[in-house]
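Beneath this line is the structure, given in structure tokens, with notes to follow.
As a basis for the values below, the full set of heavy atoms in this structure was taken, side chains included, without hydrogen atoms, waters or symmetry mates.
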Amino acid sequence: DKGILTYRGYPIEQLAEKSNFLEVAFLLVYGELPTASDYDVWQRKIMSHTFVRSDVGNMMHSFRYDAHPMGMLVSTLAAVSTLLPEANPALMGEKVYYDKKTRNKQIHRLLGNVPTLAANAYRHRIGRSYNNPQKDLGYVENFLYMLDRLNEPKYKPHPKITRALEILFILHAEHELNCSTAAVRHLASSGVDVYTTMACAAGALYGPRHGGANEAVLRMLESIGKKENIAQYVQDVKDRKKLLFGFGHRIYKNYDPRAKIVRTIAEDVFEIVGKEPLIEIAIELEKIALSDEYFIKRKLYPNVDFYTGVIYKALGFPTDMFPVLFTIPRVAGWVAHWNEFLDDAENKIVRPRQNYLGHHHRDYVPLGDRKSGQNFFLESTTSATQKRREAGNSSTK
């Protein structure tokens, strides 16, 4: 109700202002901020895993030219498990992760691999060759380099854009037991390898109800079109004719603290790449909604998704990259939950209860004696190509 978000007790505002993503990732995984020596080891280990195996790159090249980047990322994460038999509980026994060195290596590898896989998915989408990570660049800076470098011998991303994306990564790193994080704990309870676990979590984030929220905001702002149309749109929302995206949150009954931070970094981004026209609509919509008794009474305040999508659009990211940009930092939160689950002796395999509402006992009836009491809809979509084939086949009868 107070609109407060902390990571391990640290206010998100302080972390966004003073910290960096890898430091925050360490905090999430181990519960404390690292010392200088701890951070040096942590960063070096992760950055050494930003290079992915050549067969992983070859596999990503085999996707169709129009493959969704998130589908590529989910599939590739699952495939990575097949390359690491020594870290697979199905092959090495369910106690393989009890060894802390083995467990740490998977954490380092995941945090290092994912930005590279994400950049490869983006480059594949735009029809360009993949870029190798650079040893003299930071975590977020490396990701932007792999996205954007063409043929420049010494390409370097803009520092303000790097910092803006780093803050967004910090804000999206963890958010308690949401859909994808619950999936992590569910999968971890089965003892499956961590790469399959992360792939399943990313699959949950792929869903438009979870990772697609900021894209929904963007679509809404585009549908409004101009500031003059906002009043009518707001009225349509009140009349339940349209939906208002980017407002309200199941957790926050006040202003989402992350939204305040995102709004401030938006100006830094617009100063470099130009103001995204939709931002004017967003600001005006926020102003009207925050002063309207209808939204105040229902505690519908802007959430983190409200401005994030506009920033990503201003930075030139296509909307199908939005969930990928969400996934990269959230891996830190996922591996933190995975790591915590493994250390909890009381956690056993997840087995939710089911309230069955169907028949309790029926005797089997042979196929020829059954009489249908229901009309099941059994049709499926048929392409024009299939109709042409079926027409040709029927003409020979």
Side-chain angles (χ1 to χ4, degrees), residues 3-29 33-34 39 42-43 46-47 111 114-115 118-119 137-148 156-176 205 211 213-215 217-218 246 249 252 255-276 279 282-283 286 301-317 321-334 336:
I4 296 173
L5 173 63
T6 64
Y7 289 170
R8 303 283 195 175
Y10 292 96
I12 191 64
E13 294 85 355
Q14 291 184 21
L15 294 173
E17 179 186 355
K18 302 175 181 179
S19 190
N20 63 54
F21 175 71
L22 284 186
E23 191 176 57
V24 169
F26 186 101
L27 170 67
L28 293 173
V29 173
L33 288 170
Y39 182 76
W42 174 250
Q43 182 186 43
I46 291 172
M47 295 308 293
L111 288 169
V114 167
L137 298 178
Y139 189 82
V140 178
E141 197 175 28
N142 233 319
F143 173 59
L144 286 167
Y145 171 91
M146 290 186 286
L147 290 179
D148 296 335
K156 198 172 179 68
H158 194 288
K160 283 191 175 182
I161 291 177
T162 300
R163 183 57 190 166
L165 191 59
E166 183 131 40
I167 293 173
L168 289 173
F169 277 12
I170 291 171
L171 299 181
H172 285 103
E174 161 66 4
H175 208 236
E176 61 171 34
L205 198 62
N214 47 28
E215 181 178 350
V217 172
L218 203 63
H249 198 282
Y252 302 110
Y255 205 105
D256 185 339
R258 299 170 299 170
K260 296 179 182 178
I261 300 169
V262 172
R263 185 174 178 180
T264 59
I265 65 172
E267 289 304 322
D268 287 339
V269 171
F270 299 147
E271 182 182 319
I272 300 163
V273 298
K275 182 166 284 190
E276 166 58 44
I279 194 65
I283 292 172
E286 179 188 36
Y301 300 98
N303 59 40
V304 69
D305 300 308
F306 187 65
Y307 283 108
T308 302
V310 178
I311 293 175
Y312 285 156
K313 187 174 189 301
L315 288 172
F317 289 110
M321 272 295 291
F322 289 5
V324 176
L325 294 167
F326 197 164
T327 300
I328 298 170
R330 187 51 62 88
V331 168
W334 290 341

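Taking each heavy atom of K160 and I272 in turn, the nearest pair found is CB-CD1, 3.3 Å. The two residues A164 and V269 make their nearest non-hydrogen contact at CB-CG2, 3.6 Å. Scanning both residues, V24 and S19, for their nearest heavy atoms gives CG2-OG, 3.6 Å. Of all heavy-atom pairs between Y7 and I170, the closest is OH-O, 2.8 Å. Taking every heavy atom of both residues into account, F322 and G309 meet most closely at CZ-O, 3.6 Å. In terms of heavy atoms, P115 sits closest to F143 at O-CD1, 3.4 Å.
Annotation: side chain to side chain contact (heavy atoms under 4.5 Å, CB included) contacts of E141 (sequence neighbours excluded): L137, K156, P157, T162. Qualifying side-chain hydrogen bond (donor to acceptor under 3.5 Å, both in side chains) partners for E166, counting only residues two or more places apart in sequence or in other chains: none.
Residues D268 and R163 have side chains not in contact (no heavy-atom distance under 4.5 Å, counting atoms from C-beta outward). Using a 4.5 Å cut-off on side-chain heavy atoms (C-beta onward), I279 and Y307 make contact. Inter-residue side-chain proximity for L15 and L27 is flagged as met; some heavy-atom pair is nearer than 4.5 Å.
For the atom pair E23 CD and L33 CG, the distance stands at 5.0 Å (nearest 0.5 Å). Interatomic distance, CD of Q43 versus CG of N20, reported as 7.5 Å (0.5 Å rounding). In this structure, CZ on F26 lies 9.5 Å from CD1 on I46, to the nearest 0.5 angstrom. The distance from atom CG of L144 to atom NE2 of H158, rounded to the nearest 0.5 Å, is 12.0 Å. Here the CD1-CD1 distance, from I261 to I167, works out to 8.0 Å after rounding to the nearest 0.5 Å. Residue F270 holds its CZ atom at 9.5 Å from CD1 of I265, rounded to the nearest 0.5 Å.
Ring geometry for Y312 versus F317: interplanar angle over 60°, hence perpendicular rather than tilted (30 to 60°).
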Acceptor/donor pairs from residues 324-333 side chains to any protein atom, 3.5 angstrom cut, sequence neighbours excluded:
residue	atom	partner	partner atom	Å
T327	OG1	P323	O	2.8
R330	NE	H172	O	2.7
R330	NH2	H172	O	3.2

